[in-house]
Amino acid sequence: MNSALLTAMAEVGIKPASMLLETPPGKIQRFEIVGDKKGNLNGWLISFNNGYESHGYVFGSWKLGSYHTFSSNKTASVDRLNLESARREANRSQEEQQRQVANACYEQWKRAEPAARHPYLARKGIQAHIAKVDTYNRLLIPVVDMAGQLTSLQYIKPTGCKLFSKGGKKSGCFCPLGYGESASTILVCEGFATGATLREATGLPVIVAFDAGNLKPVTMSLRLQHPHSKIIICADNDHLNRNQNVGLNKATEAAKCSGAYMIYPGFAANDNGTDFNDLAVTAGLDGIQKIIQEVAA
C-alpha cells in the first residue's frame with residue numbers, strides 16, 4: 001500500500017488499525033480506524049485509475065461523515081467523475097450494511113421478552129418502559145429513525161456496560177418514550193436511564209439520543225417534524241471533566257441549531273452525578289418534575 005497515502009490518511013484522523021490490501025479499482029475496502037471501538041469498520045477506501053502511471057484514491061470515515069482524496073501523482077488531480085463514483089459506492093455499501101444490521105436487529109427484537117426485572121433497572125431506580133431483555137440477560141433498547149423504523153439496538157449488560165449493534169445506523173436515530181405526532185412539548189436527553197426518569201417524573205414524551213454528539217441531528221430532525229412544539233434538551237452536566245464539559249457544550253450547540261430550550265442538573269463540585277437520573281436520587285421524581293415544569297410551562 002502506498003506509504004504516502006497512509007500518511008495522508010493518518011493526517012486527517014483516518015489511520016487504519018491494520019494493514020490495507022491493494023484492491024481492484026472501484027471496489028470498496030472497509031477497515032477499522034485507530035481510536036474507534038474494536039471491530040467497527042467505519043473507514044473506507046476506493047482506488048481508481050487516474051491517468052497515465054497514476055492512481056487516485058477516495059477515503060473517508062462514516063463515523064466522522066468525512067471523505068478525502070489522494071493521487072499517487074502529485075501533479076494529477078482526482079477526476080470529478082471518479083470522485084462521485086467513489087462516493088456513491090461508499091454510500092451504497094454503508095446503506096447495504098445498515099439494512100442487513102437492521103434486519104438482524106428486528107429478528108433479535110422479536111425474540112426478546114419484555115424486561116420486567118433487570119439489575120440495571122433496579123440500580124437506576126427506573127421502569128423498563130419500552131426495553132426488552134434477551135437470553136444473555138442484556139437489556140435491549142430500540143434505536144429507530146424518524147419514520148419509526150428500527151435501525152439498531154443498544155445492549156445494556158447487568159453491569160451497565162453499553163454497546164450498539166456493529167454497523168447499525170445511529171446518527172439522527174433515537175429511542176422514543178411516549179413520543180407521538182401531536183406532542184406539544186418534547187424532552188430530549190442522552191441516556192436511557194435519564195430518559196426513563198424524565199418520563200416517569202413528567203409524563204411528557206421523551207426522546208433518548210444516546211450520546212451528546214447525537215443531540216444535534218436528533219433535535220434538528222425533531223424540529224422539522226414539530227415546527228411549533230417546545231423542545232427541551234435535558235443535558236448531561238459533565239462537570240467532573242475540568243477540560244471540557246461535553247454534555248453542556250453539545251447540548252448548547254444542538255439547542256441553538258434547532259431552536260430548542262436547554263436545561264441541566266446542578267451538582268456540588270465533589271458530587272459524581274452528571275444527569276437527571278443521578279439528581280433524582282436526592283431530589284426525587286417530584287423535584288425533577290418541578291425543574292422541568294419551570295421550562296415546559
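- The hydrophobic cluster containing Ile263 also contains Leu279, counting ILVMFWY residues as joined when their side-chain heavy atoms lie under 4.5 angstrom apart, directly or transitively.
- Inter-residue side-chain proximity for Leu222 and Ile186 is flagged as met; some heavy-atom pair is nearer than 4.5 Å.
- Less than 6.0 angstrom separates the ring centroid of Phe210 from the ring centroid of Phe164.
- In this structure, Ile207 is a member of the same hydrophobic cluster as Val144, with clusters built from ILVMFWY side-chain heavy atoms closer than 4.5 Å.
- With a 4.5 Å cut-off on side-chain heavy atoms, Asn40 and Lys37 count as touching.
- Aromatic pair His239/Tyr264: centroids not less than 6.0 angstrom apart.
- Distance CZ/Phe31 to CZ/Phe59: 8.0 Å, rounded to 0.5 Å.
- Under a 3.5 Å cut-off, the side chain of Arg138 and the backbone N or O of Ile156 do not form any donor-acceptor pair.
- Judged by distance alone, the side chain of Arg223 and the main-chain N or O of Ser229 form a donor-acceptor pair under 3.5 Å.
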Next item on the list: Check the pair Met9 / Leu6 against side chain to side chain contact (heavy atoms under 4.5 Å, CB included), numbers first and verdict last.
Entry: CA-CA 5 Å; Met9 295 173 74; Leu6 296 176; 4.3 Å; yes

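- By the 6.0 Å contact criterion, OH on Tyr106 is open, its count of non-hydrogen atoms from other residues, nucleotides or ligands being 12 or less.
- With values rounded to the nearest 0.5 angstrom, Trp62 atom CH2 is found 8.0 Å from Leu41 atom CG.
- Rounded to the nearest 0.5 Å, atoms OG (Ser258) and CG (Leu224) are 10.0 Å apart.
- Shown here are the salt bridge (charged side-chain N to carboxylate O under 4.0 Å, His left out) partners of Lys170, two or more places apart in sequence or in another chain: Asp211.
- Using a distance-only test at 3.5 Å, with no hydrogens or angles considered, no donor-acceptor pair links the side chain of Asn237 to the main chain of Gly266.
- With hydrogens and angles ignored, the 3.5 Å screen pairs a side-chain donor or acceptor of Thr151 with a backbone N or O of Lys169.
- Residues Val208 and Ile288 share a hydrophobic cluster, clusters being chains of Ile/Leu/Val/Met/Phe/Trp/Tyr side chains in contact below 4.5 Å.
- Annotation: salt bridge (charged side-chain N to carboxylate O under 4.0 Å, His left out) contacts of Glu95 (sequence neighbours excluded): none.
- A donor-acceptor distance shorter than 3.5 angstrom exists from the side chain of Thr202 to the backbone of Leu204, with no hydrogens or angles considered.
- Within the 4.5 Å cutoff, the side chain of Gln29 has heavy atoms near those of the Leu20 side chain.
- Test Leu285, Leu177, Val206 against Glu200 for side-chain contact (heavy atoms from CB on, under 4.5 Å) and you get one pass: Leu285.
- At a threshold of 4.5 Å between side-chain heavy atoms, the hydrophobic network of Ile, Leu, Val, Met, Phe, Trp and Tyr places Val133 and Leu163 in two separate groups.
- Residues Pro16 and Ile14 approach most closely at CD-O, 3.4 Å, considering heavy atoms.
- Minimum interatomic distance between Leu150 and Ala102 (heavy atoms only, all atoms of both residues): O-CB, 3.5 Å.
- The minimum heavy-atom distance linking Gly247 with Ala212 is given by the pair CA-CB, 4.5 Å.
- Atoms CG and CD1, from Asn277 and Ile126 in turn, are 6.0 Å apart once rounded to the nearest 0.5 Å.
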Next item on the list: Could you give me the CA-CA distance, side-chain angles and deciding distance for Cys189 and Ile233, then say whether side chain to side chain contact (heavy atoms under 4.5 Å, CB included) is met?
Entry: CA-CA 6 Å; Cys189 66; Ile233 301 175; over 6 Å; no

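- Taking 4.5 Å as the limit, some side-chain heavy atom of Pro119 sits within range of a side-chain heavy atom of Asn137.
- Here Lys166 contributes atom NZ and Lys38 contributes atom NZ; the two are 8.5 Å apart, rounded to the nearest 0.5 Å.
- Looking at heavy atoms from C-beta onward, Glu190 lies out of side-chain contact with Asp275 at the 4.5 angstrom threshold.
- Ring geometry, Tyr57 versus Phe70: the interplanar angle falls from 30° to 60°, so the pair is classed tilted.
- Lys132 places a side-chain N or O within donor-acceptor distance of the main-chain N or O of Trp109, the cut-off being under 3.5 Å.
- In this view, Asp36 and Ile33, Asn42, Lys63 satisfy the side chain to side chain contact (heavy atoms under 4.5 Å, CB included) rule, not counting sequence neighbours.
- Nearest approach of Asn214 to Cys173, heavy atoms of both residues: ND2-O, 2.9 Å.
- Note on Phe267: it does not cluster hydrophobically with Leu240, by side-chain heavy-atom contacts below 4.5 Å among ILVMFWY residues.
- Contacts of His118 classified as ring pair (Phe, Tyr, Trp, His ring centres under 6.0 Å), with partners at least two apart in sequence or in another chain: none.
- Residues Phe174 and Val188 are not in side-chain contact: their nearest non-hydrogen atoms beyond the backbone lie 4.5 Å or more apart.
- Nearest heavy-atom pair, Tyr155 versus Cys105, reported as atom, atom and distance to 0.1 Å: OH-SG, 4.5 Å.
- Listed by chain and number, the residues in a ring pair (Phe, Tyr, Trp, His ring centres under 6.0 Å) with Tyr120 amount to none (sequence neighbours excluded).
- Put simply, the side chain of Asp278 gets close to the backbone of Thr274: a donor and an acceptor are under 3.5 Å apart.
- Side chains of Ile28 and Leu45 form no contact here, defined as non-hydrogen atoms less than 4.5 Å apart.
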Check: Run the side chain to side chain contact (heavy atoms under 4.5 Å, CB included) check on Gln108 and Leu153 step by step: do they pass?
Finding: CA-CA 9 Å; Gln108 292 180 53; Leu153 290 171; 4.0 Å; yes

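- At distances below 3.5 Å, at least one donor-acceptor pair connects side-chain atoms of Asp145 with backbone N or O atoms of Gln149.
- Of the possible polar contacts, none joining the Ser165 side chain to the Gly168 backbone as a donor-acceptor pair under 3.5 Å is found.
- The number of heavy-atom neighbours closer than 6.0 Å to NZ of Lys230, taken from other residues, nucleotides and ligands shown, is above 12.
- Separating the OG atom in Ser61 from the NZ atom in Lys15 is a distance of 15.5 Å, to the nearest 0.5 Å.
- The two residues Met262 and Ala235 have their closest heavy-atom pair at SD-CB, 3.9 Å.
- The shortest side-chain heavy-atom distance between Phe276 and Asp236 does not fall under the 4.5 Å cut-off.
- Using modelled atom types, no side-chain atom of Arg111 and backbone atom of Asp134 make a donor-acceptor pair closer than 3.5 Å.
- Residues satisfying the side chain to side chain donor-acceptor pair (under 3.5 Å) test with Glu253, not counting sequence neighbours, are Lys216.
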